[in-house]
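Worksheet: the structure to be examined is printed underneath.
All values below were derived from every heavy atom in this structure, side-chain atoms included, with hydrogens, water molecules and symmetry-related copies excluded. When a ligand or atom number is given, it counts from 1 through the structure's own listing order.
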Amino acid sequence: MRIVNVTTAVVDYHGQATLVRIDTDEGLSGFGEANPDAGAGAVVGMIEFLTPLLIGEDPRNVERCWEKLRRNKVFAGPQGGVFVIALSGIELALWDLAGKAAGQPVYRMLGGKFRDRIRLYADCGDGDDPAGSIAGCVDRAQRMVGEGFTAIKFDIDNLHHPAKFDAFNHTVNAAELRSMTERVAAVREAIGPDVDLAIDLHARYDVPSACRIAWELEPFHLMWLEEPLPAENVDALARVRAQTRTPICAGENLYLRWGFRDLLERGAVDVIEPDVPKCGGLAEAKKIANLAEVHYIPFAPHLVSTPLGTMATSHLCGAIPNFFVQEWHALEERAVWDSYVHAPDGSGSIVKDGHITLPDTPGIGVELDMDGVRAHAVAGYGVFE
Ligand SMILES: O=C(O)[C@H](O)[C@@H](O)[C@@H](O)[C@H](O)CO
């Protein structure tokens with residue numbers, strides 16, 4: 001089996017999500033997805049740049065294809081960023097193809113499953129919303145718990161907070177800190193002690209601010225405090241972690257095994273959150289999860305992808321022992337999000353009761369709904385042409 005064509009489609013989800021299609025000479029096609037945060041222009045361009053190296057390869061040699069792209073383009077940035085995001089989208093499509101060719105679901109290709117259902121946490125936004133009232137947060141939290149989610153996440157880094165004096169200095173002030181704490185207290189009170197609650201800071205603070213926030217939030221027994229600092233200096237994060245009882249989570253802005261090696265070896269985190277369609281793909285994320293296992297650290301993937309990238313990630317979460325909980329970020333865009341695929345059980349959504357059930361169909365196990373894809377295709381890009 002040989003790769004004959006690689007094409008993309010760009011859909012409107014969390015910005016611009018790039019979907020990847022790989023066709024073979026045997027008429028089989030695989031579909032993958034790259035993380036949307038870098039925008040589609042760069043990702044689609046990178047995929048086009050890498051495609052000539054894939055033509056003629058056997059897609060079932062997933063890791064060989066991955067390694068070939070990185071080694072051939074060693075000066076083009078295969079250490080991180082857009083290169084690795086594009087590579088991740090390609091890799092997911094290769095696994096879909098390899099699974100379809102073998103007649104096996106991807107979780108089995110990754111070693112088989114530890115669990116049938118993947119536990120999700122609902123990202124409830126939205127510290128960035130200046131109008132985001134505490135009552136609104138409480139309402140969203142209760143709604144998600146009512147729907148069966150056993151874990152939720154909120155953002156409390158409000159860039160538009162009226163008390164914010166400066167958008168660049170990375171330092172929290174007293175009024176902001178009080179408002180953050182009130183928000184978390186209200187949500188914790190509303191959901192009770194038994195629902196897991198994570199808080200995201202989006203890599204926006206400095207060390208003293210991160211420590212103050214982590215200390216203030218200790219009474220609320222967080223599942224984790226996410227990315228209190230920018231991602232580049234893991235030693236600084238280790239200093240924050242050493243000073244608080246609040247568990248620290250990071251990793252959505254790191255790439256490949258090497259990014260996580262430093263994070264883990266320097267003791268900077270309690271939980272890692274690689275983004276599978278961003279950090280290098282499924283096999284790479286499995287290696288990262290295994291590395292975390294060496295340090296007895298749980299794996300809780302960050303995820304802002306359509307149901308395709310989401311289901312791909314779930315296959316990995318099924319296939320590793322140290323899986324903790326997987327992100328679900330489609331609360332506000334649910335109908336559009338669901339419209340991108342045909343759910344394998346014929347229902348309207350792959351998410352039920354705060355979980356995803358692993359399908360036994362070959363490959364990633366969700367088929368794109370081309371009506372949904374076309375309806376929300378971003379203008380200026382082809383749809384698998
Ligand atoms: O879910 C999360 O962790 C974040 O809130 C997530 O939305 C951001 O990291 C986002 O991807 C940036 O556009």
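Heavy-atom proximity to E226, at under 4.0 Å, picks out these atoms of ligand 1: 3 (O). Interface atoms of ligand 1 facing E252, defined by a heavy-atom separation under 4.0 Å, are 3 (O), 8 (C), 9 (O). Taking every heavy atom of D123 and a limit of under 4.0 angstrom, the matching atoms of ligand 1 come to 1 (O), 2 (C), 5 (O). Of all the atoms in ligand 1, the ones that sit under 4.0 Å from a non-hydrogen atom of D37 are 10 (C), 11 (O), 12 (C), 13 (O). Less than 4.0 angstrom separates some heavy atom of D200 from each of these atoms of ligand 1: 2 (C), 3 (O), 4 (C), 5 (O).
Scanning the protein heavy atoms around atom 7 (O) of ligand 1, the nearest turns out to be H329 NE2, 3.0 Å. From the protein, the heavy atom lying nearest to atom 6 (C) of ligand 1 is H302 NE2, 3.5 Å. Protein heavy atom closest to atom 4 (C) of ligand 1, with residue, atom name and distance, is H202 NE2, 3.2 Å. Nearest non-hydrogen protein atom to atom 1 (O) of ligand 1 is E327 OE2, 2.4 Å.
Residue contact annotation: E273 has no non-hydrogen atom under 4.0 Å from ligand 1. Distances from ligand 1 to the non-hydrogen atoms of H14 include at least one value under 4.0 Å.
When all heavy atoms of A163 and A175 are compared, the pair lying nearest together is CB-CB, 3.4 Å. Closest of all the heavy-atom pairs between A377 and V383 is CB-CG2, 3.8 Å. Scanning all heavy atoms of the two residues, the minimum distance from I364 to L92 falls at CD1-O, 3.7 Å. The shortest non-hydrogen separation linking S305 to T310 is O-OG1, 3.2 Å.
Look at D58 and R2 and you find no salt bridge, because none of the NZ, NE, NH1 or NH2 atoms lies under 4.0 Å from a carboxylate O. With salt bridges taken as basic N to acidic carboxylate O contacts below 4.0 Å, none links E63 and R71. Under a 4.0 Å N-O distance rule, the pair E327/K153 qualifies as a salt bridge.
A heavy-atom distance below 4.5 Å is not found between the side chains of V84 and K278.
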